Amino acid sequence: MVRLILKIINMKKVWIIVFGLSYLGLSAQKKWSLRECVDYAVEHNLQVIQNQYSKQIQDSNLKIAKNQYLPSVSGSMSNSVSFGQTSFGTGSLRNDRFSNSANLGADILLYNNGRLEKTIRKTQFDVEASQYDVETIKNDISLQIAQQYLTTLLNREIVKISESAVENAQKQYDRAKITTQVGTTAQTILAEAEAALAREKQNLKTAEINVGRSLFAMAQLLQLPDYKDFDVEYVEVPDQLQPQLKSVDEVLTTAFENQPQVKAAESRINSAIAQTEVSKTAFWPTLTGSVGIGSFYNNLLTTNTTGIDSAGNLVLERNLFGQYKDNFGQQASISLNVPIFNKGITRLQVEQSKINESVAKITLEQQKQTVRQNVQKAQFDVDANFETFLSAVETEKSTKLALEFADKSYTAGRTTIYDVNVARNNYANAQGSVAQAKYNYLFSLKLLNFYAGIPLAL
């Protein structure tokens, strides 16, 4: 009975190990979708994380600016001791003394022509700009990921084309081998068929290596620690390509409204304008209010008598808490600081702020110009790649027909195997051109639609 139980336990352990290894195998074979690649990249990319820290710094600056409305409160306590003589009339008196004092005070800005409010507004624009900077980096990485993803799919399609070419070359080689053995064709025909098969296998191996190279590049974009098990999902891209959805003017209007680099430049213009207003507040007086409380304690080290009362009795020193109670006091004040002359620094700071406004406006125009050029280039690429795709499709049809004729003519003995190899190479090149044009068009269309506010997807 005990042996049976132990056997069952051991079998359970075996099945646990088997299922565990199966799970690990499935995990290692995970295929990433484009959406997963983009989401992972924007979350883990170091450049994105770095810009997010910059955003957090701006958030802290905004909290600091808002906290300036609060009073500043400080407390102090001091202790001192002195030994020696002190002057007393025409002579001197021994004055060994210990002193202690404690104070608590608060200051608050009452007026400075809205400096605090304007500083908060300026910092809010800085926070907006830093957030848009993060979004800009995410967009750039997303586009890189999409392009590399499509490159991987293209390379895999070229692998399929190469596999088909190898299959056809293999059939031709097998046929040439049979005809050579029976003596109907020369040995050179078999040698050429064998050489053609070797070339196609080499092309297939090159295509497979290019797939691995593109996956490696994708893993590096994602900054994955291990690239060996990385793979992407296979996405069936239709041969019938869809036209663009919007005109260039519509895309530009949407891009100017939504692209984060443009929004960041607009926020920095507002920040520069707000900074000019902050700088101007230095021309105005500053009104500050303060309140405080405090007390002190004195102890004569040479005696505990401070004097004689009216009845002739000695007056003894009060203890620490007694003196603190007797000497407790309060104070309140309002101070006005009127700027008269500070070497022209305020005026120069205002001029610098206005220059920064101009710089920010030029930066906005540069960003718009960059977006306009990117959209126009995407539009040009869409049109050019679509025309290239249509031409490549026609070439593919004609080369396929030529290959069929060459193959039939070779079978009938009217052409040589060299003609068949040339036709097959032309057809394979035409297939590759169709695939290249299709993916080029697809990426340029995705890029144009991305500027139109359509998320990246396959």
Side-chain angles (χ1 to χ4, degrees), residues 38 41-42 45-59 61-62 118-119 121-148 221 244-280 348-385 443-456:
V38 170
V42 298
N45 186 271
L46 297 180
Q47 194 174 1
V48 173
I49 295 174
Q50 184 180 24
N51 278 268
Q52 287 174 340
Y53 284 133
S54 298
K55 165 67 167 50
Q56 292 177 8
I57 291 175
Q58 294 298 338
D59 290 336
N61 289 337
L62 180 58
K118 294 171 182 177
T119 301
R121 188 183 308 118
K122 188 262 182 190
T123 311
Q124 286 174 334
F125 289 129
D126 291 338
V127 171
E128 287 181 3
S130 61
Q131 179 60 47
Y132 289 131
D133 288 341
V134 174
E135 297 302 321
T136 299
I137 298 298
K138 289 182 178 181
N139 284 351
D140 293 342
I141 293 174
S142 299
L143 291 175
Q144 293 178 41
I145 293 294
Q147 185 175 26
Q148 190 59 43
L221 279 176
Q244 65 186 77
L245 302 178
K246 295 183 179 182
S247 66
V248 176
D249 292 336
E250 290 177 318
V251 174
L252 278 175
T253 300
T254 304
F256 288 156
E257 292 176 353
N258 298 327
Q259 283 299 301
Q261 60 266 41
V262 176
K263 303 294 289 183
E266 291 173 346
S267 295
R268 288 192 167 94
I269 290 177
N270 294 329
S271 175
I273 294 173
Q275 181 58 51
T276 300
E277 296 301 316
V278 172
S279 299
K280 288 180 179 179
L348 293 174
Q349 288 175 338
V350 172
E351 292 178 359
Q352 287 178 339
S353 297
K354 290 182 178 180
I355 293 174
N356 288 332
E357 290 181 30
S358 301
V359 172
K361 291 176 182 179
I362 291 297
T363 301
L364 173 61
E365 293 304 317
Q366 289 176 334
Q367 293 295 343
K368 286 186 175 181
Q369 181 66 24
T370 301
V371 171
R372 182 182 295 107
Q373 291 175 348
N374 289 340
V375 171
Q376 291 173 345
K377 182 179 183 302
Q379 175 63 53
F380 180 85
D381 290 342
V382 165
D383 295 337
N385 291 332
F443 177 74
S444 57
L445 182 61
K446 293 296 180 183
L447 179 60
L448 189 63
N449 291 338
F450 177 78
Y451 283 111
I454 301 175
L456 291 172

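Both backbone and side-chain heavy atoms feed into the values below; hydrogens, waters and symmetry mates do not. Here the structure is a predicted model, which is why all the values come from computation and not from measurement.
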- Item | Closest non-hydrogen atom pair between V350 and T276, with its separation | CG1-CG2, 4.3 Å
- Item | Heavy-atom closest contact (L221 atom, Q148 atom, distance) | CD1-CB, 3.8 Å
- Query: Which of these, I57, V134, I137, sits in a side-chain contact (heavy atoms from CB on, under 4.5 Å) with Q52?
  - Reply: V134
- Task: Determine the minimum heavy-atom distance between Q47 and N45, stating which atoms define it.
- Result: N-OD1, 2.9 Å
- Query: Are the side chain of N385 and the backbone N or O of D381 linked by a donor-acceptor pair below 3.5 Å?
  - Reply: yes
- Message: So, taking the atom named CG in N258 and the one named OH in Y451, what distance separates them when rounded to the nearest 0.5 Å?
- Response: 13.0 Å
Result block: side-chain N/O donor-acceptor pairs under 3.5 angstrom for residues 259-274, not counting sequence neighbours:
from, atom 1, to, atom 2, distance (Å)
S267, OG, E128, OE1, 3.2
S267, OG, K263, O, 3.1
R268, NH1, D133, OD1, 3.3
R268, NH2, D133, OD2, 2.5
N270, ND2, E266, O, 3.4
S271, OG, D126, OD1, 2.6

- Task: List in chain and number order the residues that pass side chain to side chain donor-acceptor pair (under 3.5 Å) with Q369, two or more places apart in sequence or in another chain; answer none if no residue qualifies.
- Result: R372
- Message: Q124 vs V127, test: side chain to side chain contact (heavy atoms under 4.5 Å, CB included). Steps then yes/no.
- Response: CA-CA 5 Å; Q124 286 174 334; V127 171; 5.6 Å; no
- Message: Less than 3.5 Å apart, any donor N or O on the side chain of Q379 or D383 sitting next to an acceptor on the other?
- Response: yes
- Item | T254 side, atom OG1; D249 side, atom CG - distance, nearest 0.5 Å | 10.5 Å
- Query: Is there any salt bridge (charged side-chain N to carboxylate O under 4.0 Å, His left out) pair reaching into residues 351-371, and which pairs are they, with sequence neighbours excluded?
  - Reply: R347-E351
- Message: So which atom in S279 and which in Q349 form the shortest heavy-atom distance, rounded to 0.1 Å?
- Response: OG-O, 4.1 Å
- Message: As an exercise, state the distance from CZ of F256 to CG of L364, rounded to the nearest 0.5 Å.
- Response: 9.0 Å
- Query: Rounded to the nearest 0.5 Å, what separation is found between the OG atom of S353 and the CG atom of L348?
  - Reply: 11.0 Å
- Task: Show the numbers, then the answer: is there a side-chain hydrogen bond (donor to acceptor under 3.5 Å, both in side chains) between E135 and Q131?
- Result: CA-CA 6 Å; E135 297 302 321; Q131 179 60 47; 3.1 Å; yes
